[in-house]
Amino acid sequence: MNDAVFSYSTTVLVLGAGPAGMAAAVAAAGLASSVILVDENCYPGGQIWRGGTKRWHDERLHALWKRLSACKNVRIIQSARVIAAPDKQTLLLETSAGAQLVHWEKLILCSGARELLLPFPGWTLPGVTGAGGLQAMIKGGMDVRGKRVVVAGTGPLLLAVAESVLNAGGNVIGILEHRGTRQLAGFSWQLLNKFKAKWRQSLQLLWALKSVRYRHNATVLAADGEDRLRSVSIRHAGHQLNLKCDLLACAYGLIPNLELASLLGCKTSDGRVIVDARQATSRPKVWAAGEATGIGGVDKALAEGRIAGLAAVGAAPSHSEFAARSEALQFADLLARYFAPASALRAVCTPDTLVCRCEDVYARQLSEFKDWRTAKLMTRAGMGACQGRICGAACQFLYDWQAPELRQPVFPATTSTLAALSAACKKDEKE
Ligand SMILES: Cc1cc2nc3c(=O)[nH]c(=O)nc-3n(C[C@H](O)[C@H](O)[C@H](O)COP(=O)(O)OP(=O)(O)OC[C@H]3O[C@@H](n4cnc5c(N)ncnc54)[C@H](O)[C@@H]3O)c2cc1C
């Protein structure tokens with residue numbers, strides 16, 4: 001094996017330093033002799049608190065960070081991406097300092113979610129991003145002052161994204177929600193009855209966005225422009241319109257990141273990791289929490305993270321922890337019921353729409369195949385830099401194909417990391 005590869009050993013390894021991972025690490029630190037928390041971002045906080053404590057004033061983040069920093073047995077490894085599992089209890093990280101190995105006794109997967117991007121004509125033009133993608137860039141310092149922005153897709157995240165654009169000095173010229181008015185009214189009614197705090201939050205958001213036109217039953221048909229985005233063609237309440245804009249932020253909700261759970265052999269179903277009442281996965285000594293087990297937002301992530309952290313070190317979660325999770329799961333069910341992408345969106349992907357942007361594969365080339373594997377072999381779809389992370393999910397929605405099979409490394413890696421992986425795998429075979 002390559003002696004240059006740095007390696008750690010830990011009792012508990014937590015993958016992902018979003019709300020779920022931070023909560024899990026704090027909970028596990030009480031009883032574990034050592035905890036390692038790994039994340040590919042430069043700061044802990046995940047998607048919602050991207051940029052960390054210097055950027056966000058949320059008390060929940062600061063409380064978690066204070067407790068984490070006070071734990072002498074917790075090591076945080078930032079800017080490190082987990083790309084492979086060379087053996088049953090080791091993960092391989094790619095860092096700027098080279099490959100590193102972490103040997104663990106217990107593992108908690110808190111890998112979060114990404115956006116579901118559905119292809120439409122022009123979606124690859126410069127100026128078009130995911131909704132949360134634009135928000136992430138703004139959180140990272142992107143200047144949107146004076147830019148005309150259309151926020152589109154479905155779900156409550158659209159409102160949060162529009163608010164971020166406004167706060168950053170952008171000009172939101174419209175929010176386009178694919179779901180109809182009746183559907184949204186039903187969602188608000190459920191919020192009012194069952195989730196008062198979230199209902200108040202949504203009213204505050206709508207008040208902050210009072211100057212912005214919020215269209216229901218609106219769908220992006222195409223992004224227009226030669227070299228970059230100039231306007232968006234939409235259908236709204238049966239009419240076709242064209243909105244001039246500089247940026248289009250469009251996504252149809254979130255999907256769990258399952259690559260590492262699948263690689264480790266954890267059972268998944270309906271696009272999420274299956275866990276029991278204590279967040280244990282089907283694989284012994286592996287727990288999962290947060291968006292990876294189903295989309296539900298920050299409250300679900302925090303509650304599940306705490307339970308997973310305690311369960312991993314053999315402690316019993318309290319009644320209030322289970323109650324918090326139960327409420328968060330009800331909210332997750334509500335989101336799934338009201339904002340799952342509607343099958344009518346399939347029609348927006350015309351035969352001439354690019355589906356795999358890495359390998360330049362169009363919808364007309366894919367529609368003749370019966371499954372992902374054949375399409376991949378015949379067209380190279382999903383074989384580019386994103387390894388099917390974007391087009392795989394899109395094809396699942398468009399053609400009902402099963403997710404692409406995974407092989408490690410699950411993310412593109414440097415040759416030196418690949419060499420470290422190969423050496424680590426050979427060592428495992430010998431043992
Ligand atoms: C783009 C985007 C923007 C969002 N914005 C908001 C918002 O403004 N408000 C809101 O309420 N909710 C937002 N959400 C929803 C958000 O997912 C939840 O609210 C909450 O952050 C979920 O916490 P989590 O810990 O489960 O996942 P996340 O916060 O997603 O944390 C997962 C962490 O795992 C890390 N990770 C994943 N894979 C690897 C790997 N292989 N190696 C190393 N690290 C890895 C990621 O870097 C990330 O930090 C957003 C989601 C997305 C995808």
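The distance from atom CG of Leu134 to atom SG of Cys250, rounded to the nearest 0.5 Å, is 11.5 Å.
Without hydrogens or angle criteria, Glu94 side chain to Thr414 main chain gives a donor-acceptor distance under 3.5 Å. Remark: side-chain polar atoms of Thr281 are not paired, donor with acceptor, to backbone N or O of Ala288 under 3.5 angstrom. A distance-only check finds a donor-acceptor pair linking the side chain of Ser188 to the backbone of Leu184 [under 3.5 Å]. Of the possible donor and acceptor atoms, one in the side chain of Trp56 sits under 3.5 Å from a partner among the backbone N and O of Arg50. Side chain of Arg114 to backbone of Arg389: a donor-acceptor contact under 3.5 angstrom is found. A distance-only check finds a donor-acceptor pair linking the side chain of Glu291 to the backbone of Gly297 [under 3.5 Å]. Of the possible donor and acceptor atoms, one in the side chain of Asp246 sits under 3.5 Å from a partner among the backbone N and O of Arg148. Remark: the backbone N or O of Asn41 is paired with a side-chain donor or acceptor of Gln78 at under 3.5 angstrom. Judged purely by atom type and a 3.5 angstrom limit, Arg55 uses its side chain to pair as donor or acceptor with the backbone of Lys139. A donor-acceptor contact shorter than 3.5 Å is absent between the side chain of Glu163 and the backbone of Leu205.
The closest side-chain heavy-atom distance from Val355 to Cys395 is below 4.5 Å. With contacts defined as side-chain heavy-atom distances shorter than 4.5 Å, the pair Val273/Leu109 does not qualify.
Here the rule is side chain to side chain contact (heavy atoms under 4.5 Å, CB included) with Val220, and of Val128, Leu176, Leu243 only Leu176 fits it.
Thr379 and Glu359 share no donor-acceptor pair across their side chains, judged by distance under 3.5 Å alone. No side-chain N or O of Thr10 forms a donor-acceptor pair with one of Glu105 less than 3.5 Å apart. Checking Gln279 against Arg325 by side-chain atom types alone, a donor-acceptor pair falls below 3.5 Å.
Scanning both residues, Arg306 and Ala23, for their nearest heavy atoms gives N-CB, 3.9 Å. In terms of heavy atoms, Leu92 sits closest to Leu101 at CD1-CD2, 3.4 Å.
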Does the side-chain contact (heavy atoms from CB on, under 4.5 Å) test come out yes or no for Met137 and Val144, once each step is laid out? CA-CA 10 Å; Met137 289 194 280; Val144 292; over 6 Å; no
side-chain contact (heavy atoms from CB on, under 4.5 Å) between Phe331 and Lys300: does it pass, once the steps are laid out? CA-CA 9 Å; Phe331 180 65; Lys300 173 176 171 293; over 6 Å; no
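In this structure, Tyr8 and Phe6 have perpendicular ring planes: the angle between them is above 60°, well past the 30° mark. Relative ring orientation between Phe120 and Trp123 is described as tilted, the plane-to-plane angle lying within the 30° to 60° band.
Tyr43 does not carry Lys54 over the face of its six-membered ring by the limits of under 6.0 Å from the centre and within 45° of the normal. Geometrically, Arg346 engages Phe397 in a cation-pi contact, judged by NZ or CZ lying under 6.0 Å from the ring centre and within 45° of the ring axis.
Between Asp143 and Arg145, at least one side-chain nitrogen of the basic residue sits less than 4.0 Å from a carboxylate oxygen of the acidic one, meeting the salt-bridge criterion.
Between Phe339 and Phe187, a ring centre-to-centre spacing shorter than 6.0 Å is recorded.
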